[in-house]
Amino acid sequence: MLFRQLEYFVAVARERHFARAAESCYVSQPALSASIAKLERELNVTLINRGHNYEGLTPEGERLVVWAKRILAEQEAFKAEVAAVQSGITGTLRLGTEPTASTTLALPVAAFCAAHPLAKVQVQSRSSTTELHRQLREFELDAAIAHFAPDDREFLQVVPLYEERYMVLASGDQLMPQAHTMTWKEAAQLPLALLTHDMRIRHVIDKAFAANGVVVTPQMETDSVASLYALVGLGAWASIVPHTWLRAMPVVGRTRVARLVEPDARAHVSVATHAATPGSVAARAFVTAAKGLSLDDFFNQSLPPEHHFQ
């Protein structure tokens, strides 16, 4: 069994099409098909249901694709480990975040890049926690920053980074009273624009409203932080955002902010990697860099004094 055979097999499972898989591997389709057929003979099983076209994996193929992804990931991790011994960490760290963490990403990334100047970082910043979990589990990402609940942690190594609290953000005096705090029940009366339900922050927000016997139906929903701020900036909507966002996008002009209370809702944001050991050398280095930052203290200091959290 060769790594190349496993690479071709994983490509077919991913693309669900022989020609596209061959193109992604930069080989001819006959060469790819012959390599997979040889793998099947070596294992004495049929891995792919074939008709005139690809018709899905057999049960044996479904099991093998899980192992093949892990074997290929370990191969890449080993090559990176050897390269790191020779010349330091190089290559690309594949990092994913939820939108709610995208505004705080610069700090751990900057620490990682300062410690490993030959490394590069590729960020995917608009995925839900469920999708990030899948991509980590299938070795499509090296690390991810998000709200990882206990149920999300199968196959993952999860390290807490900081704790989010929540603020009402609005532009325009007509939307908010002159106060430094607002209850969730009061916030429910505002015209709201919120992140979509597949984002973990919405679970926290909806739970806090439910604690007051309130169900909110926002007029606007988006999976983009930039779009959310643009909607608030128009002056027609308010939103609920983590206090950490105020560091990356300070309150200016007619935009005002109030801390949400009753309840004092909080949620942990963590960095996660695949639990397989030793794993990606770049991912381990990124976690080390992120853990070295006192992010809770940093984000608290970035707020105006009346909004400091205890």
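Below, all heavy atoms of this structure are taken into account, side chains as well, without hydrogens, waters or symmetry copies. This one's a predicted model, so the numbers in the text were calculated from it and none came from an experiment.
Within a 6.0 Å sphere centred on CD of Gln122, heavy atoms belonging to other residues, nucleotides or ligands number 12 at most. Surrounding CD of Glu23 are at most 12 heavy atoms belonging to other residues, nucleotides or ligands under 6.0 Å away. Heavy atoms from other residues, nucleotides or ligands lying under 6.0 Å from CZ of Arg50 number more than 12.
In summary, Glu221 and Arg202 engage in a salt bridge, as defined by a charged side-chain N under 4.0 Å from a carboxylate O.
Judged by distance alone, the side chain of Asp142 and the main-chain N or O of Arg94 form a donor-acceptor pair under 3.5 Å. Looking only at distances, no side-chain donor or acceptor of Ser227 sits under 3.5 Å from a matching main-chain atom of Ser224. A donor-acceptor pair under 3.5 Å is formed between the side chain of Ser24 and the backbone N or O of Ala21. Ser33 places a side-chain N or O within 3.5 Å of a backbone atom of Gln29 that can act as its donor or acceptor partner. The backbone N or O of Ala193 lies less than 3.5 Å from a partner atom in the side chain of Ser239, making a donor-acceptor pair. At least one donor-acceptor pair closer than 3.5 Å links the side chain of Asn212 to the backbone N or O of Glu262. A donor-acceptor pair is defined here as one N or O able to donate and one able to accept, closer than 3.5 Å; no such pair exists between the side chain of His116 and the backbone of Ala119. Between the side chain of Glu98 and the backbone N or O of Arg200 there is at least one donor-acceptor pair closer than 3.5 Å.
At least one side-chain heavy atom of Pro108 sits less than 4.5 Å from a side-chain heavy atom of Ile145. Inter-residue side-chain proximity for Leu228 and Leu195 is flagged as met; some heavy-atom pair is nearer than 4.5 Å. Using a 4.5 Å heavy-atom cutoff, the side chains of Tyr54 and Val12 are in contact. Using a 4.5 Å heavy-atom threshold, the side chains of Leu246 and Val257 count as touching. Within the 4.5 Å cutoff, the side chain of Trp184 has heavy atoms near those of the Ile205 side chain. In this structure the side chain of Leu57 never reaches within 4.5 angstrom of the side chain of Leu47, judged on heavy atoms. Phe286 is listed as a side-chain neighbour of Val271, based on a closest heavy-atom distance under 4.5 Å.
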Determine whether Arg165 and Glu163 satisfy the following criterion, salt bridge (charged side-chain N to carboxylate O under 4.0 Å, His left out), listing intermediate values before the conclusion.
CA-CA 7 Å; Arg165 289 84 161 192; Glu163 188 176 55; 3.6 Å; yes

Full working for side-chain hydrogen bond (donor to acceptor under 3.5 Å, both in side chains) between Glu60 and Thr46:
CA-CA 7 Å; Glu60 295 84 359; Thr46 299; over 6 Å; no

Go through it in stages, so that I can follow the logic: the residues are Arg134 and Glu131, the test is salt bridge (charged side-chain N to carboxylate O under 4.0 Å, His left out), and I'd like the CA-CA distance, side-chain angles, deciding distance and then a yes or no.
CA-CA 5 Å; Arg134 183 197 67 76; Glu131 176 61 11; 2.7 Å; yes

Test side-chain hydrogen bond (donor to acceptor under 3.5 Å, both in side chains) on Arg126 and Thr97 and set out the steps.
CA-CA 7 Å; Arg126 290 178 61 179; Thr97 74; over 6 Å; no

Glu164 vs His268, test: side-chain hydrogen bond (donor to acceptor under 3.5 Å, both in side chains). Steps then yes/no.
CA-CA 6 Å; Glu164 281 185 347; His268 283 287; over 6 Å; no

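The OG atom of Ser128 sits 13.0 Å away from atom NE2 of His147, with the distance rounded to the nearest 0.5 Å. Interatomic distance, Lys69 NZ to Glu7 CD, rounded to the nearest 0.5 Å: 13.5 Å. Atoms CG and OG1, from Leu260 and Thr183 in turn, are 8.0 Å apart once rounded to the nearest 0.5 Å. Taking CD of Gln189 as the start and CG of Leu192 as the end, the distance is 9.5 Å to the nearest 0.5 Å. Within the model, atoms SG of Cys113 and CD1 of Ile89 stand 11.0 Å from one another, a figure rounded to the nearest 0.5 Å. Rounding to the nearest 0.5 Å gives a distance of 4.5 Å between CG of Leu64 and CZ of Phe9.
Side chains of Gln135 and Gln124: a donor-acceptor N/O pair is present below 3.5 angstrom, by distance only. Between the side chains of Trp237 and Gln219, at least one donor-acceptor pair of N or O atoms lies under 3.5 Å.
When all heavy atoms of Tyr162 and Leu295 are compared, the pair lying nearest together is CD2-CD1, 3.7 Å. The two residues Ile240 and Leu194 make their nearest non-hydrogen contact at N-CD2, 3.8 Å. Nearest heavy atom pair, residue Trp245 against residue Pro99, reads CZ2-O, 4.1 Å.
With hydrophobic clusters built from ILVMFWY side chains whose heavy atoms lie under 4.5 angstrom apart, Leu136 does not share a cluster with Leu72. Note: the hydrophobic cluster containing Val27 also contains Leu39 (ILVMFWY, side chain heavy atoms under 4.5 Å, direct or indirect links). When hydrophobic clusters are built by joining Ile, Leu, Val, Met, Phe, Trp and Tyr residues whose side-chain heavy atoms come closer than 4.5 Å, directly or via intermediates, Val269 is not grouped with Leu141. In this structure, Val204 is not a member of the same hydrophobic cluster as Phe148, with clusters built from ILVMFWY side-chain heavy atoms closer than 4.5 Å. Phe155 and Phe139 fall into different hydrophobic clusters, where Ile, Leu, Val, Met, Phe, Trp and Tyr are joined by side-chain heavy atoms under 4.5 Å apart, directly or via other members.
With ring centers used as reference points, His243 lies 6.0 Å or more from Tyr166.
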